[in-house]
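Just below is one structure, and these are the notes that go with it.
In this text, all values refer to a predicted model and were calculated from it rather than measured experimentally.
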Amino acid sequence: MKTIKIKPNLVYLFIFIMLLTVPFVSDSRTLLIMFTQIFLFAIFAMSYDILLGYTGIVSFGHAMFFGIGAYSTGVILKQFDSTIAILLLAVLVGAVIAGVISYLVGMLSLRLKSHFYAMLTLAFSGLFLVVAEKWRSLTFGNDGFTFSIPDPLKDRITLYFVSLLMMAGIFLLLRRFTHSPLGRVLQAIRENENRTESLGFHVLHYKVIASVVAGVVASFAGSLYVLTLRFVNTSVFAVDVTLDALLMTIIGGVGTLIGAILGAGLIEFAHHWLTDLAKVHWIFERWIIFFGILYILVVMFFPQGIIGTVRIWFGKRKIKQSAVKNDNNISS
């Protein structure tokens with residue numbers, strides 16, 4: 001029996017084309033907003049996957065970089081004219097600050113073993129949260145502030161396309177990054193750090209590079225996030241934001257990138273769906289309970305994440321097919 005080989009690149013292209021057609025086949029504002037949020041959180045989840053999935057680094061304060069991008073964009077657009085040039089400058093400033101902070105945090109903690117990086121990122125994230133709360137003349141504290149965005153992005157459809165193209169572009173760049181020799185070294189560090197170091201690689205430098213790349217990409221997600229809301233407050237530094245990225249990565253499948261996108265889609269869809277059900281019956285007002293049950297079921301049936309588990313299934317199927325083919329060759 002002839003087996004059909006599925007080419008991932010063709011699947012990705014087909015999905016991208018389908019997403020491009022969504023605004024033309026549906027005029028639902030709610031659907032556009034949900035998909036836009038999926039795209040930006042997919043970028044954030046992919047940045048976390050670079051740390052956890054490809055380098056084996058756990059971070060409890062990844063929201064720090066998300067918040068840096070959010071506040072940089074919001075503050076600059078509020079202080080200056082809301083033009084495309086100012087927006088690009090704001091995104092660039094956020095990326096530079098996130099890169100510098102991630103470099104400093106990495107140099108301070110990644111030379112140590114165990115959980116030190118995770119705890120230090122959590123401490124730094126808490127520090128930025130306190131600064132955002134206390135520096136009221138700039139950030140307006142917990143109340144936050146609104147700001148205007150460039151006129152072309154006020155159209156939800158335009159913002160949808162910008163978010164989709166940015167997600168696709170970052171996915172391709174990170175995919176190239178992870179398949180490069182540098183990315184292979186990061187995966188070797190994840191599998192066995194001591195052996196990688198014994199081969200002559202300076203492990204600290206590679207870890208710091210992964211930290212900087214993840215921090216910069218997370219800042220892009222934060223910039224997109226505040227553009228969709230036209231509002232920013234201290235919630236962007238909350239631990240819950242990091243936990244969302246962790247859940248998206250684990251549910252989709254660590255070390256896959258596409259799994260981060262799938263996880264973001266599932267979590268955002270579940271969030272919107274369960275929230276809408278609250279209008280149907282009061283029990284769904286406690287939607288977080290049902291969300292927890294959903295997460296437990298996914299972990300039980302997809303222990304390696306959805307993409308990881310599916311790859312294992314296909315791997316076992318190929319092994320069985322090869323064994324059958326060899327047996328047929330021997331018997332013939």
Side-chain angles (χ1 to χ4, degrees), residues 5-16 18-19 35 37-59 62 65-66 163-164 166-193 196 206-207 209-211 213-218 220-221 242-270 294-319:
K5 293 183 178 180
I6 300 175
K7 296 183 178 180
N9 290 340
L10 293 179
V11 175
Y12 299 155
L13 180 60
F14 174 75
I15 294 173
F16 177 72
M18 292 296 292
L19 290 174
F35 270 111
Q37 289 180 339
I38 288 173
F39 300 153
L40 66 92
F41 277 113
I43 295 172
F44 186 49
M46 283 190 289
S47 73
Y48 196 86
D49 198 24
I50 292 296
L51 289 177
L52 179 64
Y54 285 93
T55 320
I57 300 172
V58 178
S59 172
H62 202 55
F65 309 114
F66 185 85
S163 302
L164 173 59
M166 193 166 178
M167 180 194 72
I170 288 176
F171 169 73
L172 292 175
L173 288 174
L174 291 181
R175 192 171 179 226
R176 181 70 187 91
F177 172 76
T178 56
H179 284 78
S180 68
L182 192 153
R184 300 298 185 188
V185 175
L186 294 180
Q187 295 173 59
I189 293 172
R190 177 196 64 195
E191 297 299 326
N192 194 321
E193 182 176 335
T196 306
Y206 287 95
K207 283 186 173 182
I209 290 172
S211 175
V213 170
V216 170
V217 173
F220 291 149
T242 300
L243 293 179
D244 283 342
L246 177 62
L247 290 178
M248 292 171 186
T249 305
I250 292 175
I251 288 176
V254 294
T256 61
L257 288 182
I258 194 64
I261 298 176
L262 179 61
L266 289 175
I267 286 182
E268 285 301 306
F269 175 76
L294 178 64
Y295 174 67
I296 292 171
L297 291 174
V298 170
V299 172
M300 286 175 60
F301 292 101
F302 299 93
Q304 301 297 323
I306 295 175
I307 298 298
T309 304
V310 169
R311 284 181 176 178
I312 291 174
W313 289 346
F314 275 102
K316 290 180 178 178
R317 185 179 177 185
K318 286 181 179 179
I319 292 172

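- Scored by the ring pair (Phe, Tyr, Trp, His ring centres under 6.0 Å) test, F177 finds no partners at all (sequence neighbours excluded).
- In this structure, the separation between CD1 on I209 and CD1 on I50 is 12.5 Å, given to the nearest 0.5 Å.
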Audit row: M166, F39, side-chain contact (heavy atoms from CB on, under 4.5 Å) steps and yes/no: CA-CA 8 Å; M166 193 166 178; F39 300 153; over 6 Å; no
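- Residues A45 and M248 share a closest heavy-atom pair of CB-CB, 3.9 Å.
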Check residues 296-303 and write down every donor-acceptor pair under 3.5 Å in which the side-chain atom is one partner and the other belongs to a residue at least two apart or another chain.
none

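- Smallest separation of non-hydrogen atoms from A214 and L51: CB-CG, 3.7 Å.
- With rounding to the nearest 0.5 Å, the separation of OG1 in T309 from CD1 in I306 is 8.0 Å.
- D49 contributes no side-chain N or O that, together with a main-chain N or O of A260, makes up a donor-acceptor pair within less than 3.5 Å.
- The side-chain hydrogen bond (donor to acceptor under 3.5 Å, both in side chains) pairs that include a residue from residues 166-182 are N9-R175, where partners are two or more places apart or lie in different chains.
- One finds the CG atom of L13 at 12.0 Å from the CE atom of M18 (value rounded to the nearest 0.5 Å).
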Worked check of side-chain contact (heavy atoms from CB on, under 4.5 Å) between Y48 and T242: CA-CA 9 Å; Y48 196 86; T242 300; 4.2 Å; yes
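- Atom CG of L262 and atom CD1 of I38 lie 10.0 Å apart (nearest 0.5 Å).
- For Q37, the side chain to side chain donor-acceptor pair (under 3.5 Å) partners are H272, not counting sequence neighbours.
- In this structure, the side chain of T55 does not engage the main chain of I189 through any donor-acceptor pair within 3.5 Å.
- The CE atom of M46 sits 4.5 Å away from atom CD1 of I261, with the distance rounded to the nearest 0.5 Å.
- Side chain of Y54 to main chain of G255: a donor-acceptor pair is present (N/O by atom type, distance under 3.5 Å, no hydrogens or angles).
- Residues forming a side chain to side chain donor-acceptor pair (under 3.5 Å) with S47 (at least two apart in sequence, or on another chain): H62.
- The CG atom of L186 sits 8.0 Å away from atom CD1 of I57, with the distance rounded to the nearest 0.5 Å.
- The distance between the ring centers of F44 and F65 does not fall below 6.0 angstrom.
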Trace of the side-chain contact (heavy atoms from CB on, under 4.5 Å) decision for L164 with M167: CA-CA 5 Å; L164 173 59; M167 180 194 72; 3.9 Å; yes
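- No side-chain donor-acceptor contact under 3.5 Å links S211 to the backbone of K207.
- Qualifying ring pair (Phe, Tyr, Trp, His ring centres under 6.0 Å) partners for F220, counting only residues two or more places apart in sequence or in other chains: none.
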Pair L40-S163, side-chain contact (heavy atoms from CB on, under 4.5 Å): steps then yes or no: CA-CA 6 Å; L40 66 92; S163 302; 5.5 Å; no
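- F171 and I258 make their closest contact through CE1-N, 3.9 Å (heavy atoms, listed as atom of the first residue, atom of the second, distance).
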